S.K.: 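Mind having a look at this structure? Questions to follow.
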There are 2 protein chains.
Amino acid sequence: MVVDDEPSIRDLLSASLRFSGFEVLTAADGEEAVEVAVRTSPDLVVLDVMLPDLDGFEVARRIDAPVLFLTAREATEDKITGLRVGDDYVTKPFSLEEVQARIRAVLRRTRGESAPASRLKVADLELDEDAREVWRGGRQVRLSPTEFKLLHYFMVNAGRVLSKAQILDHVWNYDFGGDAGVVESYVSYLRRKVDDVEPRLIHTLRSVGYVLREPPPG
Amino acid sequence: MVVDDEPSIRDLLSASLRFSGFEVLTAADGEEAVEVAVRTSPDLVVLDVMLPDLDGFEVARRIDAPVLFLTAREATEDKITGLRVGDDYVTKPFSLEEVQARIRAVLRRTRGESAPASRLKVADLELDEDAREVWRGGRQVRLSPTEFKLLHYFMVNAGRVLSKAQILDHVWNYDFGGDAGVVESYVSYLRRKVDDVEPRLIHTLRSVGYVLREPPPG
DNA sequence: GTGAGCCTTCAGCTAACCCTCAGGCTGCTG
DNA sequence: CAGCAGCCTGAGGGTTAGCTGAAGGCTCAC
């Protein structure tokens with residue numbers, strides 16, 4: 001369930017989550033959020049802290065589901081004290097990668113023991129979401145936050161061609177004003193750090209995009 | 001079992017304990033507490049001294065389980081005279097680390113001989129919960145109370161990445177109003193005292209958090 | 001009262017990180 | 001084969017997160 005009074009944010013999130021296979025309900029204010037949450041018992045609520053009527057923390061108190069808070073970065077980061085165990089928060093402006101990663105982490109935690117090992121693997125490239133570790137051919141690699149998010153996006157979509165615009169929309173904050181040149185830079189960084197051995201996994205499709213894929217056998 | 005008339009405290013504790021693997025029942029007043037305790041025979045009761053109906057000590061007298069009392073700091077310590085052998089108390093506002101540590105200590109005592117050695121170990125770093133002692137590479141290290149709680153939290157969650165917000169929520173009192181800067185200070189203190197030799201165990205993940213972990217072989 | 005240890009804040013510094021840009025390379029296409 | 005658009009990557013500047021030394025206030029024991 002997604003709760004935010006700005007339609008653009010609401011749509012951005014709900015579309016992105018639906019595309020990833022989630023069933024999504026939305027609400028535009030606190031009253032509606034509580035009403036819908038009580039009626040439908042969502043697995044998780046993405047909740048803006050600043051709502052026109054109720055405070056986000058107040059809403060959280062009234063519903064019985066883990067919450068991922070959305071909060072402005074300016075709103076002194078430390079004021080996030082309403083967090084119950086299992087909750088988490090993301091600061092605006094966020095990237096979709098960020099939000100989805102947090103959502104999956106919260107769900108994994110609340111679902112308890114049935115937590116699947118959060119490990120992605122393509123050929124001899126491995127990524128552990130929890131530990132934030134990346135391995136190529138058995139050797140650990142250190143990545144910066146953006147590099148990590150980008151590689152994660154590639155690995156979740158392994159075998160699928162991703163345009164630079166798509167990458168920008170998912171990995172960078174939604175208010176990013178620059179051009180797609182950054183993507184090229186970061187792909188370059190990634191190649192140097194995790195794709196400097198055979199077989200090459202990150203491939204360029206000129207004027208189309210990039211794809212991370214294991215070369216066919218033979 | 002958790003007994004407190006304030007829902008926020010009740011939820012905070014029960015969520016935290018459930019997350020740690022305990023089965024938790026709750027009660028909001030003395031009558032309910034006695035009723036539930038008699039019916040279910042909990043292993044331990046976390047019990048607020050100030051309840052709307054019965055006095056906490058009165059409740060304790062009527063149930064047959066060790067008790068961890070919650071009491072206001074103002075309530076001059078001599079008021080805690082109702083303690084039976086095996087009981088213990090924590091003053092409000094508490095930290096979750098504090099409460100969990102006391103709970104485990106009480107359970108260990110009441111369970112008798114089957115008491116597991118309360119000793120945590122990561123690489124050549126060791127921490128004894130009972131003795132409140134810490135060793136690094138065979139040499140004992142003196143830690144302040146907060147340093148000890150922080151290190152304990154790190155060691156219980158060895159290998160897991162902890163955000164500063166998470167650390168603040170668990171190690172500091174729930175009413176702490178300051179910002180996450182303290183965490184940085186204390187990590188710095190800990191590093192100086194217990195992580196000044198190779199291999200380094202406390203690692204910073206920029207803009208994500210910290211993790212205590214043994215470096216991988218090789 | 002006094003001092004020691006402890007907790008917290010703060011500010012200066014450093015290193016890491018993010019982004020831009022430009023020059024050069026690649027591989028299409030005419 | 002020439003030209004061009006797209007892509008790669010090294011260099012550099014601005015920014016930020018985190019580290020740590022210093023200082024103030026607090027509590028508690030003596």
Side-chain angles (χ1 to χ4, degrees), chain A residues 73-74 76-79 81 91 93-95 97-98 132 134 141-151 161-165 167-168 171-196 200 202-211, chain B residues 73-74 76-78 91 93-95 97-98 132 134 141-151 161-168 171-196 200 202-212:
Chain A
R73 182 151 308 168
E74 312 315 329
T76 53
E77 304 203 5
D78 37 19
K79 280 301 174 193
T81 52
T91 58
F94 49 77
S95 70
E97 262 297 291
E98 192 76 46
R132 276 194 151 248
V134 173
V141 181
R142 276 195 64 230
L143 297 184
S144 80
T146 303
E147 290 163 358
F148 185 88
K149 278 194 286 188
L150 176 58
L151 180 59
V161 177
L162 304 169
S163 72
K164 278 186 268 200
I167 294 172
L168 220 44
V171 177
W172 269 259
N173 296 341
Y174 59 74
D175 71 339
F176 179 69
D179 70 17
V182 238
V183 179
E184 293 174 21
S185 283
Y186 272 87
V187 168
S188 174
Y189 297 154
L190 273 190
R191 281 190 167 131
R192 194 177 326 166
K193 287 191 177 181
V194 306
D195 207 24
D196 55 346
R200 306 289 158 150
I202 301 175
H203 308 277
T204 303
L205 285 92
R206 202 185 168 79
S207 76
V208 178
Y210 298 95
V211 59
Chain B
R73 185 150 304 167
E74 286 68 31
T76 51
E77 303 207 6
D78 43 19
T91 59
F94 50 76
S95 70
E97 265 296 293
E98 192 76 46
R132 275 193 96 89
V134 174
V141 180
R142 273 195 68 233
L143 297 184
S144 80
T146 303
E147 289 164 357
F148 185 86
K149 278 194 285 187
L150 177 58
L151 180 60
V161 177
L162 305 170
S163 71
K164 279 186 267 201
Q166 243 174 315
I167 294 172
L168 222 44
V171 177
W172 269 258
N173 295 340
Y174 58 75
D175 71 339
F176 179 71
D179 73 43
V182 235
V183 179
E184 292 174 23
S185 284
Y186 271 85
V187 167
S188 177
Y189 296 154
L190 272 190
R191 282 193 166 128
R192 196 175 323 165
K193 287 190 176 180
V194 306
D195 207 24
D196 55 347
R200 307 289 158 149
I202 301 175
H203 307 276
T204 302
L205 286 96
R206 198 186 167 83
S207 76
V208 177
Y210 297 95
V211 59
L212 181 127

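This one's a predicted model, so the numbers in the text were calculated from it and none came from an experiment.
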S.K.: Along nucleotides 20-25 of chain D, 5' to 3', which nucleotides get a B, which get an S, and which get a -, given that the test is a protein heavy-atom distance under 4.0 Å?
M.R.: BSB---

S.K.: Take the protein atom CZ of Phe148(B) and the nucleotide atom P of dC6(C), then report the distance between them rounded to whole Å.
M.R.: 14 Å

S.K.: Please table the atom pairs, donor to acceptor, closer than 3.5 Å between any side-chain atom in residues 179-188 of chain A and protein atoms at least two apart or in another chain.
M.R.:
unit_1    : atom_1 : unit_2    : atom_2 : d
Asp179(A) : OD1    : Gly181(A) : N      : 2.7
Glu184(A) : OE2    : Lys164(A) : NZ     : 2.9

S.K.: Who passes side-chain contact (heavy atoms from CB on, under 4.5 Å) against Ser95(B), sequence neighbours left out?
M.R.: Glu97(B), Glu98(B), Lys149(B), Asn173(B)

S.K.: Mapping Trp172(A) and Arg142(B) onto DNA chain C by nearest heavy atom, which one lands closer to the 5' end?
M.R.: Arg142(B)

S.K.: Check side-chain hydrogen bond (donor to acceptor under 3.5 Å, both in side chains) between Arg191(A) and all other residues, then give those that pass, not counting sequence neighbours.
M.R.: Thr204(A)

S.K.: Residues in salt bridge (charged side-chain N to carboxylate O under 4.0 Å, His left out) with Glu147(B), at least two apart?
M.R.: Lys193(B)

S.K.: Between Asp175(B) and Pro93(B) (side chain of the first, backbone of the second, donor and acceptor by atom type, cut-off under 3.5 Å), is there such a pair?
M.R.: no

S.K.: Considering only nitrogen or oxygen atoms on both sides, find all protein atoms under 3.5 Å from nucleotides 26-30 of chain C and state each distance.
M.R.:
unit_1  : atom_1 : unit_2    : atom_2 : d
dT26(C) : O2     : Arg206(A) : NH1    : 3.4
dT26(C) : O2     : Arg206(A) : NH2    : 3.4

S.K.: Round to a whole Å and report the spacing from CG of Leu205(B) to C1' of dC17(C).
M.R.: 14 Å

S.K.: Can you name the side-chain contact (heavy atoms from CB on, under 4.5 Å) partners of Ser163(A), sequence neighbours left out?
M.R.: Ala165(A), Gln166(A)

S.K.: In whole Å, what is the span from the CG atom of Leu143(A) to the C1' atom of dC17(C)?
M.R.: 13 Å

S.K.: Applying salt bridge (charged side-chain N to carboxylate O under 4.0 Å, His left out), name anything that partners Arg200(A), two or more places apart in sequence or on another chain.
M.R.: Glu198(A)

